Trainee: 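Sharing a structure here in structure tokens format.
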Amino acid sequence: MAAYRSKKRSGLTILFINSNLKFQERTESPCPILKKENPDFIGYEYREININNKLVDLYLDNYPNFGWQIISAEKAQPVNSKMIIKLKRNRHIANKQELTRLQRKFEAQLSQVDKLEREKTVRASATALTIGFLGSVFLAASVMLFHYNIFLSFVLGIPGLIGWILPYWVYTNIKTRRSQELSPQINKLYDLLYDTCEQAHKLLTL
């Protein structure tokens, strides 16, 4: 009867057989797992936001208060009125939950500012476009009637020309008046916004 040898490693018995039907043991060199800790390692979370070009300075100045580092800021193509900002932040930053809550509050306040800023021009633009459209209609009618009724063509041409000249002045007047009405609300929102950023900055310096 052939003799055999065995070796127990990690709770298992490993046997090997050669061509002469004799069991032999094969030794394997140990392969230790090395654990190396790097105390300087930082894991980052990343974010990309698409914002109105007019508000880019507010975002760039205030996002660092919530622990974010600015990677880049570039114009969104093909929409040049938008900016894309890329950010990164330490995943294990201290007071992360509270910083995230304040960041959401900051973003909501900034969204309200953006909405009010757009309201300054929405009504003015709509009114100016309406007047311009009506002026174009009168001018078109005036041109079509020129060979049939010169007097009526002349009468229709007057409001048509006024409709082309007036929109700029209407737009400027409505925008100025609307800006004066909304300025107190916008300034109050800016105060609240900067107060939120100050709270976040204090958490970073604790």
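Small disclaimer: the values here were computed from a predicted structure and weren't measured.
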Trainee: Supply the atom-to-atom distance Ser72 OG to Lys88 NZ, rounded to the nearest 0.5 angstrom.
Mentor: 11.5 Å

Trainee: Determine the interplanar angle of the Phe106 and Phe66 rings, folded into 0 to 90°, and report it as parallel if under 30°, tilted if 30 to 60°, perpendicular if over 60°.
Mentor: tilted

Trainee: State, yes or no, whether a side-chain contact exists between Glu117 and Asn52 at a heavy-atom distance under 4.5 Å.
Mentor: no

Trainee: Return the CG to CD1 distance between Leu58 and Ile51, rounded to the nearest 0.5 Å.
Mentor: 8.5 Å

Trainee: So do the side chains of Thr100 and Arg89 get within less than 4.5 Å of each other, counting heavy atoms only?
Mentor: yes

Trainee: Which residue is it: Arg101, Arg104, Gln109, Gln103? I am looking for the one with a side chain to side chain donor-acceptor pair (under 3.5 Å) to Thr196.
Mentor: Gln109

Trainee: Throw together a table of side-chain donor-acceptor distances under 3.5 angstrom for residues 163-177, partners on residues two or more places apart or in other chains.
Mentor:
from   : atom 1 : to     : atom 2 : distance (Å)
Trp164 : NE1    : Ser136 : OG     : 2.9
Thr172 : OG1    : Tyr168 : O      : 3.0
Thr176 : OG1    : Thr172 : O      : 2.8

Trainee: Can you tell me how far the CD1 atom of Ile49 sits from the CE atom of Met83, to the nearest 0.5 Å?
Mentor: 10.0 Å

Trainee: With Arg47, which residues qualify under salt bridge (Lys or Arg N to Asp or Glu O under 4.0 Å), at least two apart?
Mentor: Glu107

Trainee: Looking only at non-hydrogen atoms, find the nearest pair between Leu203 and Asn95 and report the distance.
Mentor: O-ND2, 3.3 Å

Trainee: For a 4.5 angstrom cut-off between non-hydrogen side-chain atoms, does Leu87 reach Tyr59?
Mentor: no

Trainee: Trp68 versus Lys86: any side-chain heavy-atom pair under 4.5 Å?
Mentor: no

Trainee: Suppose we screen for salt bridge (Lys or Arg N to Asp or Glu O under 4.0 Å). Which residues come up paired with Arg178, at least two apart in sequence or across chains?
Mentor: Glu119, Glu181

Trainee: How long is the straight-line distance from CD1 of Ile85 back to CG of Leu60, given to the nearest 0.5 Å?
Mentor: 4.0 Å

